[in-house]
Each structure stands twice: as structure tokens, then as C-alpha cells.
Amino acid sequence: MVEEQDKLLPIANVGKIMKQILPPRAKISKEAKQTMQECATEFISFVTGEASDKCHKENRKTVNGDDICWALSTLGFDNYTEAIVRYLHKYREAERERAKNQSKVTATSSNEEKAKESSSHKTSKQTTSVQQIDETSSAPSELRALKKGKSSLTNPP
Amino acid sequence: MRQAGTYSGLLSKMSGRAGTHSLPLARIKKIMKKSGDDVKMISGEAPIVFSKACELFIEELTKRSWTMTMQGKRRTLLKDDVASAVIATDIFDFLLTLVSES
């Protein structure tokens, strides 16, 4: 079955990850990369399905990072959790630095941008809390949950 | 500067610093949305969690596949090695149909 490429993870990224983990002289066939590409894509669908079921049962509309971690653990990938938590912390740290630097440099220009953007547009973005990552500043619940150690991420089973 | 640009700029900087690989978050989100009709809203962090989880998944499946390659005394990792690794690993059962189809 030939899948459209934009429905799969990019083969270049997948190939790079594979190459990095293998010995230097190892070679990878194109078909093997394609299979890995399909497997990784299926992995996302599989885990998301589990996470989404959980949200549905709990009457929640938004699948969040905690749900993904829970699904990973439930499906037997609990050994990934530690690395993911570390990665998330690094990401948030980098984001905080970025936000700090940006607010210093672009205080004037961001005010101009806000004036240009329609207020309803910005509001709708925040309420759906889906597309833009700049909403980590307005999505503190996951941060707080992790900091308090309430989530499954920081509490070992 | 658009917020999306800020974000992808941040992520590429982070990969460079942390030495991690990033998978494109927009693509991850697309795949997540396609996974089911009831997946409507996805938090900002979910694709980020997946970018790391996918990396770990690819690493694990690759390592296991390479074991098969070595057993065959080869240096080229083939599709069949990936299929063998999937068959040999319980948590990869969800991939059995996929590898037997291709």
C-alpha cells in the first residue's frame, strides 16, 4: 500500500534517528527506512487512540501530554517515561529562556503586533488551546501537575 | 514575528543544544488527528511528548532490528529485519499487520 508522504513522518528524520543509533559502518536499506517510517506513524496513531479513549471516558475534550504518557505506560512503553519527562523539562526551560529574552527585546514590537491582530482571533486561539505552542504560558495546568508530582509522570507506579 | 516561527526556531535551537532530534510537530499533530474521529483537540505539549516518544520508539525498534541483521551476518539492515524484530517483541504486536502486509 502506498501512503501519501504527508500522512507519514518524514523519511529523512526517521532515517537520521536510525543512523544515529546504529554502528558507524551499518547500512540501512530504503525499504527498511520506509517500514520504520510506517511503524513510527502507526505508533503515534496507536498511542493517541488509547489516550483519546481515556479522555472520552473522563469527559475531557483535549488530549494532553499526561494522557500520552499514561497511554505509553499502559501499552507497555513505560520505560520511555523517564526520558520524556527529562525532555519536557528541558523544553520548558528553553521556552522560559526564550520568553524572557523575547519579552526584553520585543516589548515594543509585540505591543504593535497585538494592536494589529484582532482580539477575537487571539481569544479563540487561547480557548481552543490547540495549535500554537506559545500557549504554554496560558497552559499552566500540565506544568503545575508535573511540579506537584500529581501526574503519573513523576509518581512511579 | 509569528508565534509559530518562534516555536520552530526554539525547537531547532533546543535540538542543537540538547543533541536531540526533532520530528516535525505539525506532522505529528496531523497524524494524531487522523488516528480517530473523536480526536478533536490536542494540547500544545502532546506533539512534543510524541516527538521524544517516537525517537525512543525508532531507536528501540532499530536496535532490535539490527540484532536480526547481525544474526544474518549482514551489515545492511533490511525490511525483513524490522519485521522479525516486530514479531519477536510483544509490545510491537500492534505492528504485526503492518509488517506482514508490506
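Here is the naming used below: chain letters follow the sequence lines, and residue numbers restart at 1 for every chain.
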Could you tell me if the side chain of [Y] sits less than 4.5 Å from the side chain of [X], heavy atoms only?
X        : Y        : value
Leu61(B) : Met36(A) : yes
Val14(A) : Ile58(B) : yes
Ile31(B) : Lys7(A)  : no
Phe43(A) : Leu95(B) : no
Ser29(A) : Leu77(B) : no
Asp66(A) : Val49(B) : no
Ile44(A) : Ile28(B) : yes
Thr62(B) : Ile28(A) : no

Working to the nearest 0.5 Å, report the span between [atom1] of [X] and [atom2] of [Y].
X        : Y        : atom1 : atom2 : answer
Phe92(B) : Glu42(A) : CZ    : CD    : 13.0 Å
Glu45(B) : Glu95(A) : CD    : CD    : 9.0 Å
Met41(B) : Lys61(A) : CE    : NZ    : 7.0 Å
Leu56(B) : Asn79(A) : CG    : CG    : 8.0 Å
Glu38(A) : Lys79(B) : CD    : NZ    : 8.5 Å

Q) With only heavy atoms counted, which part of Leu75(A) is less than 4.5 Å from chain B, the side chain, the backbone, both or neither? A)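 Answer is backbone: N, CA, C or O of Leu75(A) sit under 4.5 Å from chain B.
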
Q) Going by residue number, which parts of residues 80-89 of chain B are within reach of chain A, meaning a heavy-atom gap below 4.5 Å? A)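 Expected list: Val82(B).
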
Can you give me the closest heavy-atom contact between [X] and [Y], atom names plus distance?
X        : Y        : answer
Gly49(A) : Ser35(B) : N-OG, 4.3 Å
Ile42(B) : Thr62(A) : C-CG2, 3.8 Å
Ile48(B) : Tyr91(A) : CD1-CZ, 3.4 Å

Q: Check whether more than 12 heavy atoms from other residues, nucleotides or ligands sit under 6.0 Å from atom CD of Glu82(A), and answer yes or no.
A: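 No, CD of Glu82(A) has 12 or fewer neighbouring heavy atoms, counting only those of other groups under 6.0 Å.
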
Q) Could you give all pairs that pass the ring pair (Phe, Tyr, Trp, His ring centres under 6.0 Å) test and reach residues 60-84 of chain B, with sequence neighbours left out? A)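 Matches after skipping sequence neighbours: none remain.
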
Q. Going by distance alone, is a donor N or O of one side chain under 3.5 Å from an acceptor N or O of the other, for Glu60(B) and Tyr80(A)?
A.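 There is such a pair between these side chains.
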
Q. Taking the side chain from Arg27(B) and the backbone from Leu8(A), do they hold a donor-acceptor pair closer than 3.5 Å?
A.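 Yes, Arg27(B) side chain to Leu8(A) backbone: donor-acceptor pair under 3.5 Å.
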
